[in-house]
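This report concerns only the one structure given below.
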Amino acid sequence: MRKVQYEFPLSEFTSEADFKKVKEFSEDKETPFLVVDLSKVEKMYDELVRNMPYVKIHYAVKANPMDEIISVLRDKGSNFDAATVYEIDQLLRLGVAPERISYGNTIKKEKDIAYAYQKGIRMFATDSQSDLHKIIKNAPGSRVFFRLLTESDGADWPLSRKFGAHPDVIYELILEAHENGLEPYGLSFHVGSQQRDIGQWDNALSKCKYLFEAVSLQGIKLKMINLGGGFPAKYMSPANELETYAHEILRFIQEDFGEEHPEIIIEPGRSLVADAGVIVTEIIMISKKAKLNQYHWVYLDIGKFGGLIETLDECIKYPIYSESEGCEEEVILAGPTCDSMDILYEDHKYVFPESLHENERLYIFTTGAYTQSYSSIAFNGLPPLKAYVI
Ligand SMILES: *Cc1c(COP(=O)(O)O)cnc(C)c1O
C-alpha cells in the first residue's frame, strides 16, 4: 500500500481558536463527554435567518434538548417544535410562551393532547383520522397542519414511511378538520434528515400546491407550509451550502405559489446544533484479530449506546480527529460495550496516523445533534453521555 501522510481537514470543522477553547476546557475532564459551543448555535441561527428571511423557525427540540440551547434560541426569538408533553413542559418551564410552540408529533395520546391544550398549545400536526379525532375532541378550535408522506431519497438519515400520509388521505382530513371546528392551517413534510438532494423539497412542494388548490375548491384556504428539517450539518461527505438550499427552496416556492406565497415554517434540528458540538473520547484499546489481518480494531470509550446511534448502518459519518502524526492507516472503529452491534465503522474505513495509541484522546466533530439525548441510561452500567456548554 502506498504511504500517505495523515492529514485531517480541521479547518473545515473548526477554527484553531475554537478548537483550543474546547481542548482547554476538556483537559481536566474524564471522557467521554460532549462540549457544545453556544456561540456557534447563535451563529447558525443568525445565518439561517439571514439566508431564509422568508421563514419562521421552529427549532426541533429533539435534536438537542439541553436547557442552555433552548434558552439561547428562546432569546433569539425562535419558535419550537415539540415531540412530547415532556418537551412542552420543559419549554414552558424555560419561559417559552405556548404560542411559540407547535406539537409536531403525529403520534399522540389523547390525554397528552388535552394536556397540551390546557397549557395553551394551539398548533398540532396530524396525519391520520384517529389522531385528528383526538384533536377535535381535546383541542377544539386549534390550528392543525397535515403531514404529507415523502420519499427520503438522498437523505443520510431517512424518516420516510413512518410519518405522513398520501394526499388522498390528507385531503379528506382537511375537510373533516374544517367541518369539526378546527382551523386547517397548512401542510408539512420532512424530506429526511441530512438531505443532500435539494430537489426533494421541490417534489414535496408540488404535492402541497396540488392540495392547496384541491381544498380551495371546497372553500378552504390553507395558509402555511412547513418545510420540516433536513438542512445539512458538516459531516465527512460535504453537502451543499445552506445558502444554496435557501436560494433553491425559495425558487421552488415561488414557482409553485408566486411571490405572494403562504407563510413558510421550517423545523431545523440538526443544522442548528450539530456543528456546535464536539465529543471528546479516549482510545481504550487497539488490537488485531489475526496476525496477518490488514486492519487494527480501535475501541473507543463511546459507541452506539453512548450517543453515537446515528452510526447505525454507518449512515452518519462523523469527522474524527487525532492529534498524532505519521502515515495514514485504515482502521475499524468500535465502541466499549459488550454488544456486538456496538461497532461504529467497519465498511467505511476511517484513516488515522500509524502512531495512534491507547489512552489518546480523539475529537469527534459535528456531534451537537442527536447524540447526548440518544445515549442510554446504564447499558453495561455506563452513565449517559455528559454534556457541557462553553
Ligand atoms: C426530527 C424532526 C425535525 C428535525 O429534522 P432535522 O433534519 O434534524 O433538521 C423537524 N421536524 C420534525 C417533525 C421532526 O420530527
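Both ligands and their constituent atoms are indexed starting at 1 by order of listing. Just so you know, residue 1 is the first one in the sequence shown, and it goes up from there.
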Subject >> With sequence neighbours excluded, residues passing ring pair (Phe, Tyr, Trp, His ring centres under 6.0 Å) with Phe352 >> reply: none
Original post:
Can the ring centres of Phe8 and Tyr321 be said to be less than 6.0 Å apart?
Top reply: yes
Original post:
Is the Lys NZ or Arg CZ of Arg122 less than 6.0 Å from the centre of Tyr117's six-membered ring, within 45° of the axis?
Top reply: yes
Side-chain donor/acceptor pairs under 3.5 Å, residues 62-71, sequence neighbours excluded:
residue, atom, partner, partner atom, Å
Asn64, OD1, Met66, N, 3.0
Asn64, ND2, Gly368, O, 2.8
Asp67, OD1, Gln90, NE2, 2.8
Asp67, OD1, Arg93, NH2, 3.3
Asp67, OD2, Arg93, NH1, 3.1
Ser71, OG, Asp67, O, 2.8

Donor-acceptor contacts, no H, no angles, side chain residues 204-219, under 3.5 Å, sequence neighbours left out:
residue, atom, partner, partner atom, Å
Ser206, OG, Asp202, O, 3.3
Ser206, OG, Asn203, O, 2.8
Lys207, NZ, Leu149, O, 3.1
Lys209, NZ, Glu213, OE2, 3.2
Lys209, NZ, Asp256, O, 3.2
Ser216, OG, Glu213, O, 3.0
Gln218, NE2, Tyr171, OH, 3.3

**OP:** Would you confirm whether the ring centroid of Tyr388 sits within less than 6.0 angstrom of the ring centroid of Phe33?
**Re:** yes
Original post:
Considering only heavy atoms, which protein residues lie less than 4.0 Å from any atom of ligand 1?
Top reply: Ala60, Lys62, Arg147, His190, Ser193, Gly229, Gly230, Glu267, Pro268, Gly269, Arg270, Tyr370
